[in-house]
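Here is the structure we will look at, set down as structure tokens.
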Amino acid sequence: MATSSLQAIRGMNDVLPADTGVWRYIEQSLGDILLAYGYREIRTPVVEKTELFKRSIGEVTDIVEKEMYTFDDRNGDNLALRPEGTASCVRAVLQSGLINQGVQRLWYAGAMFRRERPQKGRYRQFHQIGSEVFGLSGPDIDAEMIMMTNRFWQKLGIENVRLHINSLGNLESRSRYREALVTYLERHIGKLDNDSRRRLHTNPLRILDSKHPDVRVVVESAPCLTEYLDESSRQHFQGLCDRLDAVGISYVLDDKLVRGLDYYSDTVFEWTTDSLGAQGTVCAGGRYDGLVSQLGGQPMPAVGFALGIERLTEMLPDIQAERSPHIYFVGVGDAVQVALYRLSERLRSDIPGLRMIVNCGGGSFKSQFKKADKSGATVALVLGERELHEHNIVVKFLRRDAPQEMVSYDQLAGRMTEILNIRERPKVVASDAEVCNNRQASV
RNA sequence: GUGGGUGUAGCUCAGCUGGUAGAGCACUGGAUUGUGGCUCCGGAUGUCGAGGGUUCGAGUCCCUUCACUCACCCCA
């Protein structure tokens, strides 16, 4: 790789044709499940005012302090590439008034940006699929989301993931706990590493999931978050556990699980794996009942989660979606070139869903057949001078030991349909409204 | 931001104590002048990541820098 100047930005990757199939497979599979649970898609801009993220994620989090891509717009606004999806989603829902139109089950997918040092499973531009629900305060919706994510893994065939759950309690109990924790940690300050000391007064809960061995020992006997929960938080959390038990989803109660973003309260959860090295979190989320009002709306309960697509792609076996062409159309000789396109275009019209590569750039029979083989096509159609005169086409099987056939122009589409067993993809419905209309029409 | 490892052909890599590049795969042409996959024969390909230094001479040694990668950190 000698070209140095025209490279992609560090930590921002191309997804090449060999991999786009996996991406599509993930996006489509998860999109289907979200649709099945009644979640609707929302799309928001990649750029927002920096202020939005400061007020939601938290001023003293690492994301806001040192990982955001920010810049001044020409009018003086300070803007940022979004480091996560929740803040934008809340903003959009407030701005549009959707928040006042009853319960909203929403999902989004898109690129997020954090300026971190790249490593396995962590990139500066990465892609998340996430979901946010507004207007429900009970543990039922928390459970629903976890059930839905559980279904993601089933659908994708991912088995080596574990669910961790915890409750952070409401704002009051959390700040009481925070005080107790700080008091405790200050007594053991000698054993804390620099990072933990720095956090002691900015984001002390994060010290709980430190990987530093000495710090872990200190944390072992720290005050327990669970003991500070009030009755309603306890009941909420118990309600979640009961529902997970009921559907047979196993989980680890992890009282050291806190999340890095400030806005979480009560339920937090995390799906992790040990097959991804240091970046083991595949999907994470939780409840954030305070965020909507924090951003200027009426108080409104909310839950959400996000998952990292790159991390999923690395956990998936090579599921090469069947995308090879059905037909490679070989055409040799100047005289056949016009007829070649008359036939191939007619064939495309006659067989919806047909995947066909028409040879371009000329070449001998031999070289065209080599390309046909390499394309992975099931059959080669052959049009040469001879076929042109006799008004027929040679059908040659590339993957099966069968004699080649001679077919007339008029029989071609019929014979190809027999051979290739093509299923047309179901039509995508444009909008929810259209679904309703269709339903009424068919009643 | 901090540490470790690695940068040689499109890909995977070899290149001993310094003597100015090689293999396999892939690509391409032919054997087979209208038929791919197997076999055989031939061909093209490199600013040896970049810049500087030491040396008669640097892929090889030294410095700087960039990128990739893993871990810390962070988090999806």
Side-chain angles (χ1 to χ4, degrees), chain A residues 1-11 13 16 18 57 61-68 83-86 109-131 149 193-196 198-199 203 206 209-213 215 257-261 269-273 276-286 304-315 328 330-333 336 359 363-377 379-388 394-401 403-404:
Chain A
M1 209 14 182
T3 48
S4 56
S5 55
L6 290 179
Q7 281 189 40
I9 303 305
R10 183 163 161 77
N13 305 120
L16 298 174
I57 299 170
T61 56
D62 284 30
I63 295 178
V64 167
E65 266 184 344
K66 45 195 186 195
E67 294 176 359
M68 273 205 294
E84 56 104 47
T86 300
M112 310 295 161
F113 304 83
R114 292 180 202 171
R115 199 180 184 293
E116 300 177 275
R117 188 86 169 258
Q119 73 184 65
K120 188 180 175 68
R122 187 175 79 184
Y123 309 100
R124 291 183 174 184
Q125 176 177 334
F126 61 103
H127 300 79
Q128 290 187 330
I129 293 177
S131 171
T149 53
D193 63 335
N194 287 337
D195 276 313
S196 299
R198 180 172 57 80
R199 288 220 188 81
N203 205 349
R206 293 288 287 135
D209 61 5
S210 169
K211 285 183 193 167
H212 194 99
V215 177
L257 172 64
V258 295
R259 314 270 26 265
L261 290 66
F269 66 94
E270 219 175 71
W271 289 95
T272 60
T273 178
L276 286 180
Q279 308 299 324
T281 304
V282 178
C283 170
F305 70 83
L307 59 86
I309 300 182
E310 282 85 352
R311 291 183 186 180
L312 282 185
T313 63
E314 297 197 43
M315 297 180 69
Y328 191 99
V330 168
V332 179
V336 309
N359 185 77
S364 64
F365 280 97
K366 185 187 174 69
S367 70
Q368 290 198 32
F369 275 112
K370 277 192 174 175
K371 289 181 199 163
D373 181 51
K374 235 189 74 185
S375 76
V379 301
L381 294 181
V382 188
L383 182 67
E385 312 260 343
R386 223 149 58 201
E387 290 77 12
L388 188 63
V394 165
V395 180
K396 180 184 169 76
F397 297 92
L398 297 172
R399 313 284 146 211
R400 163 152 57 102
D401 196 16
Q404 60 184 40

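Residue numbers begin at 1 in each chain, while the letters A, B, ... track the order of the sequences.
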Self-check item: Minimum heavy-atom distance Phe126(A)-Tyr123(A), with the two atoms named
Solution: CD2-O, 3.5 Å
Self-check item: rC63(B) and rA26(B), which share atom name P, separated by this distance in whole Å
Solution: 41 Å
Quiz item: Take atom CG in Leu16(A); do more than 12 heavy atoms of anything else shown fall under 6.0 Å from it?
Solution: yes
Exercise. Could you tell me whether a side-chain N or O of Glu310(A) sits under 3.5 Å from a main-chain N or O of Gly121(A), the two making a donor and an acceptor?
Key: no
Quiz item: Base, sugar-phosphate alone, or nothing: which one does Ile63(A) contact when heavy atoms must sit under 4.0 Å apart?
Solution: sugar-phosphate
Quiz item: Expressed in whole Å, how much space separates the P atoms belonging to rU17(B) and rC27(B)?
Solution: 36 Å
Practice problem: Using the closest heavy atom to pick a nucleotide of RNA chain B for each, name whichever of Val282(A) or Leu276(A) lands nearer the 5' end. | Solution: Leu276(A)
Exercise. State, to 0.1 Å, how close Gly11(A) and Pro118(A) come at their nearest heavy-atom pair, and which atoms those are.
Key: CA-CG, 3.9 Å
Exercise. Take the protein atom NZ of Lys120(A) and the nucleotide atom C1' of rC73(B), then report the distance between them rounded to whole Å.
Key: 19 Å
Quiz item: In whole angstroms, how far is the C1' atom of rC73(B) from the CG atom of Asn203(A)?
Solution: 14 Å
Quiz item: Under 4.0 angstrom, heavy atoms only, what part of the nucleic acid is Gly277(A) near: base, sugar-phosphate, or nothing?
Solution: sugar-phosphate
Quiz item: Taking OP1 and OP2 of rA76(B), is either one under 4.0 Å from a side-chain nitrogen or oxygen of Arg259(A)?
Solution: yes
Practice problem: Look only at the side chain of Arg311(A) and the backbone of Thr281(A), and say whether a donor-acceptor pair between them is shorter than 3.5 Å. | Solution: yes
Quiz item: RNA chain B: stems of at least 3 consecutive Watson-Crick or G-U pairs, cut-off 3.5 Å?
Solution: B:1-7 with B:66-72, B:10-13 with B:22-25, B:27-31 with B:39-43, B:49-53 with B:61-65
Self-check item: Nearest-angstrom distance, C1' atom, rG46(B) to rA9(B)
Solution: 5 Å
Quiz prompt | Heavy-atom pair with the smallest gap, counting every atom of Ile63(A) and Pro83(A) | solution = CG2-CB, 3.6 Å
Self-check item: Comparing Ser210(A) and Ile9(A) on RNA chain B - which has the more 5′ nearest nucleotide
Solution: Ile9(A)
Quiz item: To the nearest Å, how far apart are Phe305(A) CZ and rA76(B) P?
Solution: 13 Å
Quiz prompt | Least distance between heavy atoms, Tyr328(A) atom then Ser375(A) atom | solution = CD1-OG, 3.7 Å
Exercise. Calculate the interatomic distance between Arg124(A) atom CZ and rA67(B) atom P; express it in whole Å.
Key: 8 Å
Exercise. Select base, sugar-phosphate, or nothing to describe what Ala284(A) touches, counting heavy atoms under 4.0 Å on all strands.
Key: sugar-phosphate
Exercise. Round to the nearest Å and state the distance from Glu116(A) atom CD to rU2(B) atom P.
Key: 15 Å
Quiz item: Given the C1' atoms of rA31(B) and rU20(B), what is the spacing between them in whole Å?
Solution: 38 Å
Self-check item: Distance test, side-chain N/O of Gln119(A) to OP1/OP2 of rU69(B), below 4.0 Å
Solution: no
Practice problem: Please state the P separation for the pair rC61(B) and rC48(B) - nearest whole angstrom. | Solution: 16 Å
Practice problem: Using whole Å, report how far NE2 of His212(A) lies from C1' of rA71(B). | Solution: 15 Å
Self-check item: Distance between C1' atoms of rC66(B) and rC25(B) (Å, rounded)
Solution: 29 Å
Quiz prompt | Any donor-acceptor pair under 3.5 Å from Arg122(A) side chain to Arg117(A) backbone | solution = yes
Self-check item: Interatomic distance where CD belongs to Gln7(A) and P belongs to rC66(B) [whole Å]
Solution: 12 Å
Quiz item: Taking the same atom, C1', in rG18(B) and in rC41(B), what whole-Å distance lies between them?
Solution: 38 Å
Exercise. Please answer whether the main-chain N or O of Gly331(A) pairs with a side-chain N or O of Gln368(A) as donor and acceptor at a distance below 3.5 Å.
Key: yes
Quiz prompt | Summary of protein contacts for nucleotides 34-40 of chain B, nucleotide by nucleotide, where a base hit scores B, a sugar-phosphate-only hit scores S (4.0 Å, heavy atoms) | solution = BBBS---
Exercise. For rG59(B) versus rG15(B), give the span between their C1' atoms, rounded off to a whole number of Å.
Key: 8 Å
Exercise. State the CD1-CD distance between Ile309(A) and Gln128(A), to the nearest 0.5 angstrom.
Key: 8.5 Å
Quiz item: How close or far is atom P of rC73(B) from atom CD of Glu67(A), stated in whole angstroms?
Solution: 13 Å
Practice problem: Please check the phosphate of rC72(B) (OP1 and OP2 only) for any side-chain N or O of Lys211(A) closer than 4.0 Å. | Solution: yes
Quiz item: Got a sec, which pairs hit salt bridge (charged side-chain N to carboxylate O under 4.0 Å, His left out) with one end in residues 364-376 of chain A, sequence neighbours left out?
Solution: Asp373(A)-Arg399(A)
Quiz item: Which part of the nucleic acid does Gly331(A) contact within heavy-atom distance under 4.0 Å: base, sugar-phosphate only, or nothing?
Solution: nothing
Exercise. Test for a donor-acceptor pair under 3.5 Å between the base of rC73(B) and the side chain of Arg122(A), counting only N and O atoms.
Key: yes
Quiz item: With respect to the side chain of Gln279(A), which nucleotide from rA67(B), rC73(B), rA76(B) is positioned closest?
Solution: rC73(B)
